Amino acid sequence: SEDVTVPFFSEYERFAAKLRWSRREAVLALGSRDLRALAPAGVRVRVEPARESDLAELTANSAEQHREDLREDREAADESAFRPRHAQDLRDGRWWVVRERGRIVFQVHVGAATPRAVQLGGVFVPADSRGRGIAKTGVRAICAKLLDRHELVTLYCDENNTVALRVYEHVGFRFEF
């Protein structure tokens with residue numbers, strides 16, 4: 001919330017370089033009553049934990065997601081830690097995927113969690129798999145699994161990322177900012 005972050009970073013800037021804000025992210029939340037049962041006709045997905053053998057593909061997809069969505073090359077900025085962080089998160093069961101003919105066509109990172117809420121991030125569909133409803137059904141499938149254990153699923157989304165916002169709204173997420 002800006003009423004907390006703006007004063008914090010104003011104080012922070014007294015000790016560090018001035019921050020440049022380049023984007024705003026909406027906070028979205030979804031509870032079990034919000035989850036929509038709608039799925040595109042004929043589209044069925046099975047979301048499952050990523051496997052060790054998925055690491056190279058998952059990491060490459062994640063690097064692309066950062067470049068597309070965040071407009072940052074986090075892999076290049078921190079080459080020595082990018083892959084190991086993904087490997088650890090994979091081992092911890094935080095990466096979930098949908099495969100088609102052995103290839104990842106949807107991936108999502110299940111991040112911070114409390115008994116009440118869990119946060120999604122890194123939602124990605126490779127460019128050649130887009131436009132077929134995979135993001136909607138993948139997000140819906142992971143949310144259905146997570147809502148068995150948590151009251152809320154949350155995520156952040158750049159307010160200018162209209163494609164992603166449409167996916168999340170279709171699944172039933174509501175704005176919380």
Side-chain angles (χ1 to χ4, degrees), residues 1-6 8-9 12 19 21-37 45-51 54-55 58-72 74-75 77-78 81-98 104-126 134-177:
S1 150
E2 288 182 6
D3 62 323
V4 174
T5 58
V6 170
F8 172 84
F9 283 111
Y12 174 85
L19 296 172
W21 297 95
S22 61
R23 56 191 252 146
R24 293 173 48 98
E25 292 188 329
V27 179
L28 293 98
L30 173 90
S32 58
R33 286 181 284 169
D34 304 313
L35 186 62
R36 297 197 179 125
V45 299
R46 181 171 162 247
V47 66
E48 61 188 18
R51 302 183 291 240
D54 293 325
L55 181 61
L58 183 115
T59 303
N61 286 344
S62 182
E64 182 62 24
Q65 185 266 332
H66 284 100
R67 288 188 293 269
E68 286 181 10
D69 187 37
L70 303 175
R71 293 165 185 63
E72 298 173 4
R74 291 189 179 175
E75 181 181 38
D78 193 4
F82 191 82
R83 185 181 173 102
R85 265 195 318 272
H86 282 70
Q88 185 61 53
D89 282 348
L90 188 148
R91 286 190 297 273
D92 291 344
R94 294 190 175 278
W95 283 104
W96 289 71
V97 300
V98 172
I104 295 172
V105 295
F106 170 86
Q107 68 185 50
V108 60
H109 183 264
V110 178
T114 69
R116 181 170 184 252
V118 62
Q119 182 178 337
L120 298 182
V123 175
F124 184 76
V125 173
I134 294 171
K136 290 176 186 172
T137 54
V139 169
R140 190 197 180 287
I142 191 65
C143 288
K145 284 187 179 296
L146 295 171
L147 288 168
D148 284 342
R149 295 181 302 234
H150 303 276
E151 184 180 328
L152 291 172
V153 177
T154 66
L155 56 82
Y156 291 94
C157 185
D158 185 326
E159 66 182 13
N160 294 316
N161 191 340
T162 56
V163 173
L165 288 171
R166 277 196 309 269
V167 166
Y168 303 139
E169 289 172 345
H170 179 88
V171 172
F173 278 89
R174 63 186 185 280
F175 289 89
E176 291 292 320
F177 59 109

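Note that the structure is a prediction, hence the values are computed from the model and not measured. What you see below is based on every heavy atom in this structure, not just the backbone, and it leaves out hydrogens, waters and symmetry mates.
Shown here for Ala113 and His150, the closest heavy-atom pair between the two residues is CB-CE1, 4.0 Å. Scanning both residues, Val97 and Leu58, for their nearest heavy atoms gives CG1-CD1, 3.9 Å. Across Arg94 and Ala112, no two heavy atoms sit closer than the pair NH1-N, 4.2 Å. The two residues His86 and Ser62 make their nearest non-hydrogen contact at NE2-OG, 2.7 Å. Shortest non-hydrogen contact noted between Val110 and Val118 is CG1-CG2, 3.5 Å. Considering every non-hydrogen atom in both Ala29 and Thr154, the closest pair reads CB-CG2, 4.1 Å.
For Ala135, the side-chain contact (heavy atoms from CB on, under 4.5 Å) test picks out Val125, Val167, with sequence neighbours left out. Residues passing the side-chain contact (heavy atoms from CB on, under 4.5 Å) test with Ala60: none are found, sequence neighbours excluded. Evaluation of the ring pair (Phe, Tyr, Trp, His ring centres under 6.0 Å) rule for His66 yields Phe82 as partners, not counting sequence neighbours. Among residues two or more places apart in sequence or in another chain, the ring pair (Phe, Tyr, Trp, His ring centres under 6.0 Å) test is passed with Tyr168 by Phe173. Residues satisfying the side-chain contact (heavy atoms from CB on, under 4.5 Å) criterion with Leu147, sequence neighbours excluded, are Leu30, Ser32, Leu35, Val153. For Asp148, there are no side-chain hydrogen bond (donor to acceptor under 3.5 Å, both in side chains) partners, not counting sequence neighbours. By the ring pair (Phe, Tyr, Trp, His ring centres under 6.0 Å) test, Phe124 is found to be paired with no residue, residues two or more places apart in sequence or in another chain being considered. For Arg51, there are no side-chain hydrogen bond (donor to acceptor under 3.5 Å, both in side chains) partners two or more places apart in sequence or in a different chain.
With hydrogens and angles disregarded, no donor-acceptor distance shorter than 3.5 Å links the side chain of Arg36 to the backbone of Val171. Put simply, the side chain of Trp95 never gets that close to the backbone of Asp92: no donor and acceptor are under 3.5 Å apart.
If you run side-chain contact (heavy atoms from CB on, under 4.5 Å) between Val108 and each of Leu146, Leu155, Val139, Leu120, only Leu120 comes through.
At least one side-chain heavy atom of Leu165 sits under 4.5 Å from a side-chain heavy atom of Leu28.
Every pair passing side chain to side chain donor-acceptor pair (under 3.5 Å) that includes a residue from residues 106-120 is listed here, sequence neighbours excluded: Asn61-Gln107, Asp89-His109, Arg116-Glu151. Listed by first then second residue, pairs satisfying salt bridge (charged side-chain N to carboxylate O under 4.0 Å, His left out) with a partner in residues 163-175 read Asp34-Arg174, Arg174-Glu176, not counting sequence neighbours.
No donor-acceptor contact under 3.5 angstrom links the side chains of Arg85 and Gln88, judged on distance only.
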